[in-house]
Amino acid sequence: MDIVILAVVIAVVVLGALGGLIVGSRRKKQLPPPPPAAPDITAPPAEPHVGDEAETPREEPRRTIEEVDLPDGSAPVVVEEPPAEAPEIEIPEPTAGRLVRLRTRLSRSQNALGKGLLTLLSREHLDEDTWEEIEDTLLTADVGVQPTQELVERLRERVKVLGTRTPEELRRLLREELVTLVGPDMDRAVKTEPEDRKPGIVMVVGVNGTGKTTTTGKLARVLVADGQSVVLGAADTFRAAAADQLQTWGERVGAHTVRGPEGGDPASVAFDAVKEGKEMGANVVLIDTAGRLHTKTGLMDELGKVKRVVEKQAPVDEVLLVLDATTGQNGLVQARVFSEVVDITGIVLTKLDGTAKGGIVVAVQRELGVPVKLVGLGEGADDLAPFEPEAFVDALIGE
């Protein structure tokens with residue numbers, strides 16, 4: 001019996017050993033390969049913790065209220081701000097003889113007209129075809145039909161009487177006739193100094209794009225150069241930044257600008273400008289008016305209203321119409337419409353240096369019966385010049 005029990009025990013032990021060997025071999029086969037070594041990465045800085053994870057605050061030295069110097073309240077603390085720099089006041093160039101100084105600039109664009117006429121007149125035989133070419137040259141320069149016919153008739157008569165035609169004689173002849181055509185006897189002074197009161201009042205009208213606001217600013221420079229004090233009225237309230245533009249022009253020469261809210265009543269701004277001009281004792285008030293398209297009846301009504309409101313305080317001495325010389329005959333349409341609403345007393349031709357159609361000077365004067373008083377000959381601040389017929393003609397025909 002003991003032998004049987006011993007045999008059973010030995011069998012159990014042997015079976016247990018064999019089972020352990022089998023399980024161990026299977027585990028060795030199923031173990032995965034060891035993972036690759038992880039790269040050494042620097043941990044990001046720890047974020048601050050809150051609540052239970054918050055660290056215990058470190059002890060730091062602190063000052064008590066007795067140790068802090070407090071103001072005694074005897075004098076308030078004043079923070080000095082740097083003073084605002086006033087704009088530098090410019091001294092405009094004198095206006096006397098300004099057109100003569102700008103003659104070279106004018107002659108660059110106008111010489112074609114004068115040289116063309118002199119070349120045609122210098123032909124050995126002045127037949128009908130030549131005279132027709134002379135007419136075409138004048139018409140192309142926007143002189144106008146009626147003035148062209150008058151000039152050609154006088155030239156034909158004088159050339160016939162003259163007989164010989166040296167270059168010097170032809171130049172003198174052409175100059176005399178052109179000066180007569182332009183109108184040397186017209187009063188071209190800008191009326192800014194009424195005898196019985198101050199200030200003189202000048203309205204500047206014209207469509208947008210002609211340089212109306214810029215011309216108003218340049219005219220302020222002309223008047224300041226002639227020793228007059230100026231107040232500007234920014235009554236072009238319908239065009240964005242028009243008031244800012246005019247104020248900038250005024251600040252450059254020390255002229256005060258009166259303005260209102262954008263889209264406000266232009267007549268109200270004009271009225272206030274005249275009122276402040278009187279209070280300040282200014283010599284001249286220049287009013288820049290709205291200039292939307294002349295085909296809009298509303299603009300014409302508004303201009304009439306501005307003039308009527310201003311004249312409740314004093315008569316308007318000048319109404320200057322600004323025309324773009326590069327538009328040629330199209331400018332005459334604008335001139336007619338504006339003259340029906342306000343009494344135009346003078347014309348300002350801008351961009352005259354950028355066109356070969358200098359004959360518009362003659363045409364617009366004939367159309368309105370009023371003189372060209374000022375001409376713009378460039379983008380410079382002092383390129384607005386009083387119009388002088390003789391200097392203008394000399395630029396046309398060259399030296």
Side-chain angles (χ1 to χ4, degrees), residues 186-195 197-220 222-223 228 230-238 242 246 258 266-274 277 282-294 296-325 331-350 360-361 364-376 384 386-387:
M186 302 184 81
D187 184 6
R188 302 182 188 275
V190 179
K191 303 295 188 299
T192 57
E193 299 180 85
E195 296 179 358
R197 58 181 168 79
K198 287 175 61 175
I201 302 173
V202 179
M203 280 180 60
V204 183
V205 302
V207 301
N208 284 342
T210 59
K212 177 176 53 59
T213 299
T214 299
T215 297
T216 305
K218 289 183 178 182
L219 179 55
V222 169
L223 297 173
Q228 301 191 54
V230 178
V231 169
L232 297 170
D236 187 357
T237 60
F238 296 116
L246 190 64
V258 177
S268 176
V269 176
F271 184 89
D272 291 342
V274 176
N283 298 110
V284 187
V285 174
L286 293 179
I287 302 172
D288 178 31
T289 61
R292 291 179 297 180
L293 291 178
H294 63 282
K296 294 186 178 180
T297 306
L299 172 61
M300 297 298 108
D301 293 341
E302 191 65 50
L303 288 177
K305 176 186 174 184
V306 169
K307 190 170 186 289
R308 290 192 303 271
V309 169
V310 167
E311 289 184 331
K312 291 180 180 180
Q313 297 193 78
V316 175
D317 300 288
E318 282 275 8
V319 179
L320 297 176
L321 173 63
V322 180
L323 293 177
D324 183 343
L332 299 183
V333 178
Q334 300 173 17
R336 281 192 289 268
V337 175
F338 278 96
S339 65
E340 292 171 0
V341 181
V342 288
D343 294 328
I344 304 298
T345 59
I347 303 156
V348 183
L349 279 177
T350 63
I360 190 65
V361 171
V364 74
Q365 288 184 159
R366 289 292 185 94
E367 179 68 30
L368 299 182
V370 297
V372 171
K373 294 191 172 185
L374 298 160
V375 290
L384 184 70
F387 183 74

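From a predicted model like this one, the values you see are computed outputs, not experimental measurements.
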Just to verify, what does [X] make a salt bridge (charged side-chain N to carboxylate O under 4.0 Å, His left out) with, not counting sequence neighbours?
{"X": "K305", "result": "D265"}
{"X": "K212", "result": "D236, D288"}
{"X": "R197", "result": "D317"}
{"X": "R188", "result": "none"}

Give a yes or no on whether the backbone of [Y] and the side-chain of [X] come within a donor-acceptor separation of less than 3.5 Å.
{"X": "Q365", "Y": "V372", "value": "yes"}
{"X": "T192", "Y": "I201", "value": "no"}
{"X": "T214", "Y": "G211", "value": "no"}

Using every non-hydrogen atom in the two residues, find where [X] and [Y] come nearest and quote the distance to one decimal.
{"X": "P266", "Y": "A235", "answer": "CB-O, 3.2 Å"}
{"X": "A335", "Y": "V364", "answer": "CB-CG2, 4.3 Å"}
{"X": "V231", "Y": "A282", "answer": "CG2-CB, 3.8 Å"}
{"X": "G277", "Y": "P199", "answer": "C-CG, 4.2 Å"}
{"X": "A220", "Y": "L232", "answer": "CB-CD2, 4.0 Å"}
{"X": "K373", "Y": "D187", "answer": "CE-O, 3.7 Å"}

- prompt: Quick one: side chain to side chain donor-acceptor pair (under 3.5 Å) pairs with a partner in residues 335-349, sequence neighbours left out?
  reply: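 Non-adjacent pairs meeting side chain to side chain donor-acceptor pair (under 3.5 Å): E318-T345, R336-E367.
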Less than 4.5 Å apart, side chain to side chain, heavy atoms only: is that true for [X] and [Y]?
{"X": "L303", "Y": "D301", "value": "no"}
{"X": "V207", "Y": "D324", "value": "no"}
{"X": "L368", "Y": "L321", "value": "yes"}
{"X": "V361", "Y": "F387", "value": "yes"}
{"X": "N283", "Y": "E193", "value": "no"}
{"X": "L332", "Y": "I360", "value": "yes"}

**OP:** Among L246, V202, T215, L320, find the one that has a side-chain contact (heavy atoms from CB on, under 4.5 Å) with L286.
**Re:**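 Of all the options given, the one that passes is V202.
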With sequence neighbours excluded, tell me which residues meet ring pair (Phe, Tyr, Trp, His ring centres under 6.0 Å) with F271.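 With sequence neighbours excluded, F271 shows a ring pair (Phe, Tyr, Trp, His ring centres under 6.0 Å) to no residue whatsoever.
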Carefully, step by step, assess V341 and V205 under the rule side chain to side chain contact (heavy atoms under 4.5 Å, CB included).
CA-CA 11 Å; V341 181; V205 302; over 6 Å; no
Step-by-step side chain to side chain contact (heavy atoms under 4.5 Å, CB included) determination, V274 to D272
CA-CA 5 Å; V274 176; D272 291 342; over 6 Å; no
